Amino acid sequence: MQAWFEQLANAVSSQLQGDEGFTLWFSGERSDFVRFNHGQIRQAGQVFQLYLTLQLIQGQKQAAHSFSMQGELGHDREVLLSGLHTLRDLLPQLQDDPHLMLADTRQDSCRIEPSRLPDAAQMAGDIASAAAGTDLVGILAVGPVYYAFANHLGQRNWQETTSFNFDWSLHASGDKAVKRGQAGFEWDAAAFAADLHAAGQQLGLLSRPARTLQPGAYRAYLAPAAVGELLTLFNWEALSAQSIHSKRSALLKLVEGERQFSPLVSLSENTAAGLAPDFQGEGFLKPKRLCLIEHGQFVHALVSPRSAREFGLASNGADGSESANSFDMAAGQLAQQDVLLKLDTGLYLNNLWYLNYSDRSHCRITGMTRFACFWVEQGELVAPLNVMRFDDSLYRMLGDQLEALTIEREWLVDPMSYDSRSSSSMRLPGALLSSLQLVL
């Protein structure tokens with residue numbers, strides 16, 4: 001695929017006229033998907049898709065066209081060059097783009113992670129064997145994902161990573177389920193079997209009579225997946241330079257120094273350890289690690305080239321959404337094996353959902369408990385919780401009410417594959433809170 005992309009980029013470059021410039025963005029995958037239900041393989045197939053976005057530039061004018069390609073060089077070159085001519089005809093009719101900002105120095109890069117995985121059939125077989133007799137539901141995705149960039153300066157960036165993502169849950173009767181997931185560059189059948197066994201133990205607890213709590217403040221432990229739901233919400237806009245400068249950020253009080261998180265909280269964009277590419281669509285490279293929040297204090301926003309041009313900032317390689325693709329939260333000092341003992345009495349929350357802001361200016365979030373959530377007494381899981389709603393501020397949850405973060409962290413990879421396999425990931429600890437406000 002790398003040679004295919006290089007030849008297409010060279011073809012566009014050879015057809016430029018006068019002071020025209022271009023960028024070419026590529027994303028693609030060759031993925032095996034296997035769907036499970038009742039612990040058995042129900043559907044299997046392969047997706048091979050290639051997408052190119054060509055941007056033609058002349059001065060401050062720009063226009064772009066996206067294409068679905070076949071992977072056959074002759075056909076794809078013809079389609080791409082036809083699109084180039086269409087953009088050339090369109091460009092004179094457009095106004096200048098005042099916020100257009102492109103890389104003006106060449107910075108090449110290449111990252112290739114060779115496959116260390118068995119084939120999808122073996123992985124699916126390992127899962128089906130371990131899950132025999134259970135109601136395991138999930139989707140396994142395996143295979144290489146590609147990203148690339150080229151421009152008229154001769155810059156070439158390529159990333160090819162072969163990984164897997166298995167998003168699954170174990171179900172009992174009705175709506176009782178335990179949610180889990182594995183992802184990575186290597187497959188460990190024994191580790192999956194151990195996680196399945198642990199999920200089965202929690203599933204057994206869900207057969208006990210469920211408990212409904214009165215509204216109020218409770219001690220709580222949020223598992224890494226629950227912490228991930230909180231970070232996913234404010235990752236939409238809260239750390240975006242555009243959102244901050246337009247005063248829409250939910251973390252504006254943190255940015256302006258009015259509020260702070262606990263000194264335990266350090267959050268970065270760790271591109272070097274993630275699946276997302278270290279380059280973006282305007283040709284800028286991302287730093288290997290960008291500190292966003294350090295010891296509870298705001299440090300950097302995510303700045304796209306367009307925001308850099310609009311607000312007179314320095315771009316730090318963020319793409320147009322100005323969202324983090326490789327969140328990394330520093331670990332704490334609480335051992336996972338001691339979580340229930342330290343919690344003593346309160347809530348053990350594996351998952352949250354339906355999160356939204358109830359008061360954006362104070363970073364107040366509301367949401368529901370989901371899947372296997374439990375009431376804990378004297379360090380023991382004693383009863384599952386009925387669905388409860390919380391409403392609390394992150395300035396409390398990750399601020400003065402944060403007692404500890406776990407030593408162990410989980411690597412959570414976004415299982416979304418609606419258009420294509422996501423490359424977003426988070427490496428997160430669990431969080432022990434002195435109190436969490438339940439409202440319903």
Side-chain angles (χ1 to χ4, degrees), residues 175-179 198-199 201-234 250 259-265 296 329 332-359 362-408 410 428-440:
D175 62 350
K176 305 300 183 183
V178 179
K179 183 78 168 64
Q201 290 182 315
Q202 287 198 348
L203 193 70
L205 293 171
L206 294 180
S207 63
R208 297 178 182 179
R211 185 166 299 188
T212 299
L213 302 177
Q214 292 298 312
Y218 295 87
R219 287 178 62 79
Y221 171 72
L222 306 184
V227 175
E229 290 293 334
L230 298 175
L231 297 191
T232 295
L233 179 63
F234 79 64
R259 300 295 300 269
Q260 64 183 33
F261 289 147
S262 164
L264 297 174
V265 176
M329 179 180 280
Q333 297 185 357
L334 175 62
Q336 183 66 47
Q337 64 184 17
D338 296 330
V339 163
L340 289 174
L341 181 64
K342 293 294 185 181
L343 175 60
D344 186 40
T345 299
L347 316 172
Y348 189 104
L349 306 179
N350 275 305
N351 301 90
L352 303 172
W353 71 335
Y354 286 158
L355 270 62
N356 209 334
Y357 292 110
S358 55
D359 185 345
H362 291 86
C363 204
R364 192 172 187 90
I365 292 173
T366 186
M368 311 289 288
T369 62
R370 192 185 190 192
F371 293 121
C373 293
F374 299 97
W375 176 249
V376 178
E377 291 181 357
Q378 297 181 345
E380 297 288 338
L381 301 174
V382 297
L385 288 178
N386 280 321
V387 174
M388 304 292 296
R389 175 175 291 279
F390 75 93
D391 192 308
D392 213 332
S393 170
L394 276 190
Y395 293 128
R396 279 177 30 89
M397 298 168 70
L398 297 182
D400 56 9
Q401 297 303 303
L402 179 61
E403 281 191 16
L405 297 172
T406 59
I407 298 170
E408 299 86 355
E410 291 186 19
L428 305 174
L432 179 63
L433 312 185
S434 297
S435 73
L436 176 68
Q437 294 284 343
L438 296 184
V439 295
L440 187 64

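Every heavy atom of this structure was used, including side-chain atoms; hydrogens, water molecules and symmetry mates were not. Residue numbers run from 1 in the order of the sequence given. All figures in this text were calculated on a predicted structure; none of them were measured in a lab.
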When rounded to the nearest 0.5 Å, the distance separating CG of L394 from CD1 of I365 is 3.5 Å

Test side-chain contact (heavy atoms from CB on, under 4.5 Å) applied to F371 - qualifying residues, sequence neighbours left out:
A177, K179, N351

Taking all non-hydrogen atoms of both residues, which atom of V265 and which atom of M329 are closest, and how far apart?
CG1-CE, 4.4 Å

Please determine whether side-chain contact (heavy atoms from CB on, under 4.5 Å) holds for the pair L222 and L230, giving the CA-CA distance in whole Å, both sets of side-chain angles, and the decisive distance to 0.1 Å.
CA-CA 10 Å; L222 306 184; L230 298 175; 3.8 Å; yes

Distance-only, no hydrogens or angles: does the T406 side chain make a donor-acceptor pair with backbone N or O of P429 under 3.5 Å?
no

Contact between V339 and L432 at the side-chain level, heavy atoms closer than 4.5 Å - yes or no?
no

Measure across Y357 and C363 and return the closest heavy-atom pair with its distance rounded to 0.1 Å.
CE2-SG, 4.4 Å

Do F374 and N350 make a side-chain contact, defined as non-hydrogen atoms from C-beta onward lying under 4.5 Å apart?
yes

P224 to G430 - nearest heavy-atom pair and separation
CG-N, 3.7 Å

Non-hydrogen atoms of L349 and A226 that approach each other most closely:
O-CB, 3.8 Å

Are L385 and W375 close enough that some pair of their side-chain heavy atoms sits under 4.5 Å apart?
yes

Spacing of Q214 atom CD and L440 atom CG [to the nearest 0.5 Å]
10.5 Å

Euclidean distance, R259 CZ relative to D400 CG, rounded to 0.5 Å
7.5 Å

Verify, without hydrogens or angle tests, whether T212 (side chain) and N386 (backbone) share a donor-acceptor contact under 3.5 angstrom.
no

Step through the shown structure and confirm whether more than 12 heavy atoms of other residues, nucleotides or ligands are within 6.0 Å of CD on E377.
yes

D344/Q378 under side-chain contact (heavy atoms from CB on, under 4.5 Å): CA gap, chis, key distance, verdict:
CA-CA 5 Å; D344 186 40; Q378 297 181 345; 4.3 Å; yes

How about F390 and M397: do any of their side-chain heavy atoms sit closer than 4.5 Å?
yes

Nearest 0.5 angstrom please: L341 CG to E380 CD, how far?
10.0 Å

Are the side chains of T369 and L347 in touch, meaning some heavy atoms are under 4.5 Å apart?
no

Please check if the side chain of E408 supplies one atom and the backbone of Q336 the other of a donor-acceptor pair under 3.5 Å.
yes

Students often mix this up, so state it plainly: with edges at 30° and 60°, are the rings of Y221 and Y348 parallel, tilted or perpendicular?
tilted

Closest non-hydrogen atoms of L355 and G367, given as atom of the first, atom of the second and distance, are CD1-CA, 4.0 Å

Would you call E403-R219 a salt bridge at under 4.0 Å N-O?
yes

Working to the nearest 0.5 Å, report the span between CG of L402 and CZ of F261.
10.0 Å

Over all heavy atoms of both residues, which pair between L334 and K342 is shortest? Give the atoms and the distance, please.
CD1-CG, 3.6 Å

Close side-chain approach of L405 to V227, heavy-atom, < 4.5 Å:
no

Only one of D391, T366, D392 forms a side-chain hydrogen bond (donor to acceptor under 3.5 Å, both in side chains) with S358, so which one is it?
D391

